[in-house]
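This is the structure I have questions about; it appears just below.
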There are 2 protein chains.
Amino acid sequence: MDAERLLVETGLSGRKTAPRLATNRIIRGDCIEAMNALPAGSVDLIFADPPYNLQLGGDLHRPDGSQVDAVDDDWDKFSSFAAYDRFTRAWLKAAHRLLKPDGAIWTIGSYHNIFRVGAALQDEGYWLLNDIVWRKANPMPNFKGTRFTNAHETLIWAAKSENSRYCFNYHAMKAMNEDVQMRSDWLIPICTGNERLKDGGAKAHPTQKPEALLYRILVACTRPGDVVLDPFFGTGTTGAVAKLLGRRWIGIEREEKYARVAEQRIAGLLPLEGGAIEISEGKRAEPRIPFGSLVESGFVRPGTRLWGPGRRVGASVRADGSLDMAGRTGSIHQMGAAAQGLPSCNGWTFWHIEDDDGRLVPLDARRQAFRLTTAAGA
Amino acid sequence: MDAERLLVETGLSGRKTAPRLATNRIIRGDCIEAMNALPAGSVDLIFADPPYNLQLGGDLHRPDGSQVDAVDDDWDKFSSFAAYDRFTRAWLKAAHRLLKPDGAIWTIGSYHNIFRVGAALQDEGYWLLNDIVWRKANPMPNFKGTRFTNAHETLIWAAKSENSRYCFNYHAMKAMNEDVQMRSDWLIPICTGNERLKDGGAKAHPTQKPEALLYRILVACTRPGDVVLDPFFGTGTTGAVAKLLGRRWIGIEREEKYARVAEQRIAGLLPLEGGAIEISEGKRAEPRIPFGSLVESGFVRPGTRLWGPGRRVGASVRADGSLDMAGRTGSIHQMGAAAQGLPSCNGWTFWHIEDDDGRLVPLDARRQAFRLTTAAGA
DNA sequence: CCACACTCTGAATCTCCAA
DNA sequence: GTTGGAGATTCAGAGTGTG
């Protein structure tokens, strides 16, 4: 096994730093303490489903880990929101430290908490990429008829920083959506039926998320072998889908009963086999090939005539791979742009070449043929 | 007409105080100063479309080389999140003072600003009721393939306080949505075509909102005669729809060029007549493409006369998409059934509408046209 | 007059690598 | 850090023109 292969299989490919990290496990305990105990810059993607602060009670924790008591009439709104903000900023800061430079985070929430989470993300230095609307195909109605049916939840996708070269599998998303760009509104049913985990007859967790939601997120924003962390693991939907898709995962969960259910759930799963997790790649994933390589390899001979659409413009290939268009010279891209009066141009698709039957074929076809022959040799 | 009915139609129902207030006018100037000069507790509903603080980078070109006309106006530039927050909290505070005790506010924004606006609303004492997703039927694509198509904007609906008995015309919303509860995700086309105001050939305002959006909001959350204030009036969509629906309005606008366009626009409008703006008291029917969508989008105007086969029965379209047939009201299906003495009826095929030449065309043809423009409606 | 082709545009945080 | 060149990238709707 060569070094390149080893790097890929250990998930170190394409990442600047990758400290040793035990993955595919659940860490019991407070998520802020647990994250601070993990090595900085070690995680590719974080998915977080934090408490929604529905009535400012329940499972809300202060930054020091102590539990906030249930709704208390003595608390005014400001101090309650302030407590939620402190908690939010603390876990977002710990998450930020954990991410690799090109890492990213997804969070989910409702109108009760998502505005505070979104503002905190911006304040902590994350760079927002999209807000995504999960449109519930089967939401719970508003029984009293006092408001609109609350039929969606909001997700926020953010990179670690403005300069992060985050992972986005654009072509995979497009393929999943009938070959049109995936939009920011996703129609997905809520988690019901067999997918809904039971614990002694009752539902195991009150807010279990559908696997379809995590599936789309992980296909869109991770590569095989990436490390995915979920600091509010619950019953482990993130881990289940990560395992299915051949991603490594770490879950943090404070409640033993949830952790136990999650462990059983994930242990019983089998990952998709081999090629099943492959996704559509675009041209960006292909190795770059200078036009000059085709010339020096004889795929395109110097002096060959190239034509724009409808033969309205023509140019001649020179020995160094540049073009001569009526006396002006430059790259295939520069001359394509000049021919159209545009600021830029993809010369591979603009220029055409005559095949043996005199038909015009895009230059890009020659590049593809060149790739196939060189790949076979390598 | 009984007292209750009179109160509803004059907009005095359920309102504690109603100071004298000059309405149906545009105030030129800074919205915070202008709001502070108006009497406290005098406004029923505020609709606010504040600057989004987009933070755009360089030029953006479409794949065909054309340049996107960016929102680069000075009014959208802020030096920092902190500066934007100060601005936001200042106008929200002034708006809060203006509202009647049972008043409410709607704001709109994108992921660039909406989280800060939402958090500020909570901090200023407003009580969030819903977040609403405006799903754009025809959004601008992501030309570089770097993110999900940004296909929606977010609105927040909030009452002045937790104790406000805010106005929500539940049955009108249900009637507008084929007698199922209106959800929190709304599919509405962006503002284009004849509706898009021009000023010397160019678009008059870079971010003009569709009337269908304001139509739904005002039908849902106001009564005839209510005072609606828009502190970022722009080209006056709020005022135009308010006038159409028989609501009083106040617009505040800093830029003279926008105010002038808005003034002309609203002056040229006629309000809907009498019964057309009455909203449904509620009843029953069945789902699919909501007839109300055709009404709010302008495919069928309120007040339009519908005819049964051979013109043996007639009915008038009301503002919420229900019909008035000789005093009896209900959905297109209910009224079709009633007209024939049958238990049920497909209103789409029973009712006909006059085309420009006076010929009767089935309502279903309009639905088909609507489907084509909104891409399936679902 | 109809069918079809072509053009224009919209609140957008819109590339990546080597030198 | 910056700069410059290679080269990848779009959907729906409305308006206009042509045969």
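To find a chain, count down the sequence lines: A is the first, B the second, and so on, and within it residues start at 1. Remember, it's a predicted structure, so these values are computed and weren't measured experimentally.
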Out of dA11(C), dC11(D), dT13(C), which has the shortest distance to the side chain of Ile190(B)?
-> dA11(C)
Ignoring hydrogens and angles, answer whether the base of dA12(C) and the side-chain atoms of Ser110(B) contain a donor-acceptor pair closer than 3.5 Å.
-> no
May I ask you to say what Asp49(B) touches in the nucleic acid, namely base, sugar-phosphate or nothing, with a heavy-atom cut-off under 4.0 Å?
-> base
What parts of residues 74-91 of chain B reach DNA chain D, counting only heavy atoms under 4.0 Å away?
-> none
Is the Tyr166(A) to Trp127(A) ring centre distance short of 6.0 Å?
-> no
With a 4.0 Å cut-off on heavy atoms, is Arg62(B) in touch with a base, just the backbone sugar-phosphate, or nothing at all?
-> base
Between dA8(D) and dA11(C) - P atom distance, rounded Å = 30 Å
Of Thr154(B), Leu155(B), Leu187(B), the one forming a side chain to side chain contact (heavy atoms under 4.5 Å, CB included) with Trp134(B) is Leu155(B)
Any side-chain N or O of Asn150(B) less than 4.0 Å from the OP1 or OP2 oxygen of dT13(C)?
-> yes
Using a cut-off of 4.0 Å on non-hydrogen atoms, how would the nucleic acid contact of Glu162(A) be classed: base, sugar-phosphate, or nothing?
-> nothing
Check whether any side-chain N or O of Thr192(B) sits under 4.0 Å from OP1 or OP2 of dG10(C), and answer yes or no.
-> no
Pairwise C1' distance for dT10(D) and dT7(C), with rounding to whole Å = 15 Å
At under 4.0 Å, does any side-chain N or O of His171(A) touch on OP1 or OP2 of dT9(D)?
-> yes
Do Glu281(A) and Arg223(A) sit within salt-bridge range, that is, some charged N less than 4.0 Å from a carboxylate O?
-> no
Between Trp348(A) and Val180(A), who's closer to the 5' end of DNA chain D by nearest nucleotide?
-> Trp348(A)
Aromatic Trp75(B) / basic Lys77(B) pairing, under 6.0 angstrom, 45° off normal | no
Of Pro139(B) and Leu129(A), whose closest DNA chain C nucleotide lies nearer the 5' terminus?
-> Pro139(B)
Do the non-hydrogen side-chain atoms of Thr238(B) and Val228(B) ever get within less than 4.5 Å of each other?
-> yes
So, is Arg367(A) near the phosphate of dA8(D), with a side-chain N or O under 4.0 Å from OP1 or OP2?
-> yes
Got a donor-acceptor pair under 3.5 Å from the side chain of Arg147(B) to the base of dT13(C)?
-> yes
On a heavy-atom basis, the closest approach of His96(A) and Lys160(A) is NE2-O, 2.9 Å
Would you say Asn142(B) reaches dC14(C)'s phosphate, i.e. side-chain N/O to OP1/OP2 under 4.0 Å?
-> no
Think Lys136(B) has a side-chain N or O under 4.0 angstrom from the OP1 or OP2 of dG10(C)?
-> no
Which part of the nucleic acid does Leu128(A) contact within heavy-atom distance under 4.0 Å: base, sugar-phosphate only, or nothing?
-> base
Pi-cation contact, Phe115(B) with Arg116(A) (under 6.0 Å, within 45°) = no
So do Pro362(A) and Trp351(A) actually touch side chain to side chain, heavy atoms under 4.5 Å?
-> no
With centres under 5.5 Å and planes under 30° as the test, does Phe143(B) stack with dC14(C)?
-> no
Name the nucleic acid region contacted by Ile108(B), choosing base, sugar-phosphate or nothing; use a 4.0 angstrom heavy-atom cut-off, strictly under.
-> nothing
Once Watson-Crick and G-U wobble pairs under 3.5 Å are found, how is DNA chain D written in dot-bracket notation, 5' to 3', with | for any base paired to another strand?
-> .|||||....|||||||||
Taking the side chain of Trp127(A) as heavy atoms from C-beta outward, which of dA12(C), dT13(C), dA11(C) is closest to it?
-> dT13(C)
For Thr149(B), answer base if it contacts any base atom (sugar-phosphate contacts may also be present), sugar-phosphate if it contacts only those atoms, and nothing otherwise; contact means non-hydrogen atoms under 4.0 Å.
-> nothing
Tell me whether the OP1 or OP2 atom of dC11(D) has a side-chain N or O from Arg183(A) closer than 4.0 Å.
-> no
Does Glu153(B) pair with Lys136(B) as a salt bridge, N-O distance under 4.0 Å?
-> yes
Expressed in whole Å, how much space separates the C1' atoms belonging to dT13(C) and dA12(D)?
-> 23 Å
Check whether any side-chain heavy atom of Leu323(A) sits under 4.5 Å from a side-chain heavy atom of Ser331(A), and report yes or no.
-> no
Under the 3.5 Å rule, do the base of dA11(C) and the side chain of Lys209(B) count as making a donor-acceptor pair?
-> yes
With respect to the side chain of Gln55(B), which nucleotide from dT15(C), dT13(C), dA12(C) is positioned closest?
-> dT13(C)
Determine: side-chain N/O of His333(A) to OP1/OP2 of dG7(D), distance under 4.0 Å, yes or no.
-> yes
Options dA11(C), dA8(D), dA6(D), nucleotide nearest the side-chain atoms of Lys144(B) | dA8(D)
Would you mind classifying the nucleic acid contact of Gly109(B) as base, sugar-phosphate or nothing, using non-hydrogen atoms under 4.0 angstrom?
-> nothing
Compare side-chain N and O positions of Tyr170(A) against OP1 and OP2 of dT10(D) and report whether any pair is under 4.0 Å apart.
-> yes
Phe233(B)/Tyr258(B) aromatic ring centres below 6.0 Å = no
Do we get Arg216(A) above Trp186(A)'s six-membered ring, with its NZ or CZ under 6.0 Å from the centre and within 45° of the axis?
-> yes
